[in-house]
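Quick notes on the structure that follows.
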Amino acid sequence: MKQPGFIFLVLLISVKSFGLADTTNIPISRQAFHDKIKLEQQKADRFDGKLDGIVKVGGVEDINLQVSDAILRKVSVLRNDVENNPVLATNNDKVRYLRFIENLVKGFNVNWKAHKIQPEIAPVLVDNFNALMNANLKGESISNLIEDVPYEAAVINADIFKENAGYPEARKKLFLRFCTLYP
């Protein structure tokens with residue numbers, strides 16, 4: 001039997017994730033990029049056969065809620081942050097970061113489907129992406145930010161920020177971690 005608190009939380013996440021799109025004015029020139037991200041979010045939602053606002057990764061409801069929150073709500077917040085970020089002054093800058101977000105969700109989906117990652121890492125993956133994105137916007141290296149996350153999340157995120165000055169160092173660190181994990 002489902003608890004009333006659980007149902008309320010599910011409804012809150014669903015309403016919040018759909019409501020976020022209404023809070024930011026998205027120019028028509030970037031709408032397609034937002035739609036691509038939403039499509040990837042829907043793919044994650046649909047893995048269990050239902051488009052219901054819950055990314056079901058297993059039988060534990062708390063984990064399903066955490067993954068759903070990361071992939072649906074936090075990714076939508078990232079989309080809005082890109083639109084509202086004054087550092088991203090040009091249309092091309094915003095499009096580049098929207099593509100980064102699309103690649104984040106796509107990387108999660110592809111690797112989850114191929115059984116290369118445990119889907120429970122989604123919250124860490126999205127939070128780490130946010131940290132890498134902020135470092136990249138400030139012109140800082142991403143290499144130190146990939147050390148404290150699971151290897152699989154670090155690989156997905158590092159590959160998104162290939163243009164960062166710290167990417168070669170990050171790849172070295174990832175290679176060493178790979179060798180440690182798979183001698």
Side-chain angles (χ1 to χ4, degrees), residues 6 9-10 13-14 16-17 20 33-79 81-82 96-136 141-164 166-183:
F6 170 75
L9 186 57
V10 169
I13 288 173
S14 298
K16 199 114 164 101
S17 65
L20 285 174
F33 299 99
H34 284 270
D35 290 343
K36 288 179 182 181
I37 296 168
K38 290 177 191 176
L39 180 64
E40 289 299 324
Q41 289 174 301
Q42 289 173 352
K43 286 180 184 177
D45 185 3
R46 211 174 287 152
F47 272 138
D48 65 349
K50 296 183 286 187
L51 186 62
D52 57 0
I54 298 291
V55 181
K56 187 170 183 176
V57 298
V60 181
E61 290 181 13
D62 286 342
I63 292 174
N64 292 336
L65 285 175
Q66 291 172 4
V67 173
S68 298
D69 181 58
I71 298 299
L72 302 178
R73 187 190 63 81
K74 286 182 179 181
V75 168
S76 293
V77 168
L78 286 171
R79 287 188 309 104
D81 288 349
V82 165
R96 180 180 313 110
Y97 279 87
L98 290 171
R99 284 186 175 158
F100 289 167
I101 296 169
E102 177 190 358
N103 289 334
L104 167 71
V105 184
K106 190 180 289 186
F108 172 78
N109 288 341
V110 167
N111 285 287
W112 176 24
K113 191 173 184 179
H115 303 288
K116 292 182 179 178
I117 63 168
Q118 295 296 318
E120 296 85 16
I121 71 165
V124 174
L125 177 72
V126 174
D127 290 343
N128 181 246
F129 174 87
N130 191 22
L132 293 175
M133 182 175 82
N134 288 327
N136 197 52
S141 172
I142 63 167
S143 67
N144 291 331
L145 297 172
I146 61 156
E147 293 176 351
D148 297 329
V149 296
Y151 171 77
E152 295 81 5
V155 168
I156 292 169
N157 282 337
D159 284 345
I160 293 171
F161 294 97
K162 289 180 180 179
E163 297 173 5
N164 184 279
Y167 178 72
E169 181 67 26
R171 290 301 302 167
K172 289 177 190 175
K173 290 178 180 181
L174 288 172
F175 179 72
L176 291 174
R177 284 176 70 185
F178 177 83
C179 292
T180 303
L181 289 169
Y182 308 103

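Just so you know, residue 1 is the first one in the sequence shown, and it goes up from there. Treat the numbers as computed from the prediction; the structure is a model and nothing was measured.
For the pair K74 and D127, the minimum side-chain heavy-atom distance is below 4.5 Å. With a 4.5 Å cut-off on side-chain heavy atoms, R79 and K38 count as touching. Taking 4.5 Å as the limit, every side-chain heavy atom of L176 sits out of range of all side-chain heavy atoms of K173. Side chains of I156 and N111 form a contact here, defined as non-hydrogen atoms less than 4.5 Å apart. Two residues are said to be in side-chain contact when any heavy atoms from C-beta on lie closer than 4.5 Å; K113 and K43 fail this criterion.
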Does the pair V126 and D69 meet the rule for a side chain to side chain contact (heavy atoms under 4.5 Å, CB included), with working shown? CA-CA 10 Å; V126 174; D69 181 58; over 6 Å; no
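Judged by distance alone, the side chain of Q41 and the main-chain N or O of I71 form a donor-acceptor pair under 3.5 Å. For the pair N64 (side chain) and G58 (backbone), a donor-acceptor distance under 3.5 Å is present. Between the side chain of D45 and the backbone N or O of D52 there is at least one donor-acceptor pair closer than 3.5 Å.
At a cut-off of 3.5 Å, with distance as the only test, no side-chain donor of Y97 or D81 sits close to an acceptor on the other residue.
Between the CD1 atom of I101 and the CD atom of E40 there is a distance of 13.0 Å, given to the nearest 0.5 Å. In this structure, I160 CD1 and Y167 OH are separated by 11.0 Å, a value rounded to the nearest 0.5 Å. A distance of 10.5 Å separates CD in E152 from CG in L174, rounded to the nearest 0.5 Å. Of the inter-residue distances, the one linking N136 atom CG with I142 atom CD1 reads 7.0 Å to the nearest 0.5 angstrom. Atoms CG and CG, from L132 and N144 in turn, are 11.0 Å apart once rounded to the nearest 0.5 Å. Taken from CG in L39 to NZ in K36, the straight-line distance is 10.0 Å, to the nearest 0.5 Å.
Looking at N103, N128, N130 one by one, the single match for side-chain hydrogen bond (donor to acceptor under 3.5 Å, both in side chains) with N157 turns out to be N128.
Note on E102 versus R99: no salt bridge recorded, every NZ/NE/NH1/NH2 to OD/OE distance being 4.0 Å or above.
Considering all non-hydrogen atoms of both residues, V57 and P119 come closest at CG1-CB, 3.4 Å. Looking at every heavy atom in both residues, F108 comes nearest to A44 through CE2-CB, 4.5 Å. Across all their heavy atoms, I146 and S143 have their closest contact at CG1-O, 3.2 Å. When all heavy atoms of L72 and I54 are compared, the pair lying nearest together is CD1-N, 4.3 Å. The two residues L145 and A131 make their nearest non-hydrogen contact at CD1-O, 3.7 Å. In plain terms, the two heavy atoms of G166 and N164 that are nearest each other are N-OD1, 2.6 Å.
Taking the six-membered ring wherever Trp is involved, the centroid distance between the rings of F161 and F100 falls below 6.0 Å.
Using the six-membered ring where Trp is involved, W112 and F47 have ring planes that are perpendicular, over 60° apart on the 30 and 60° scheme.
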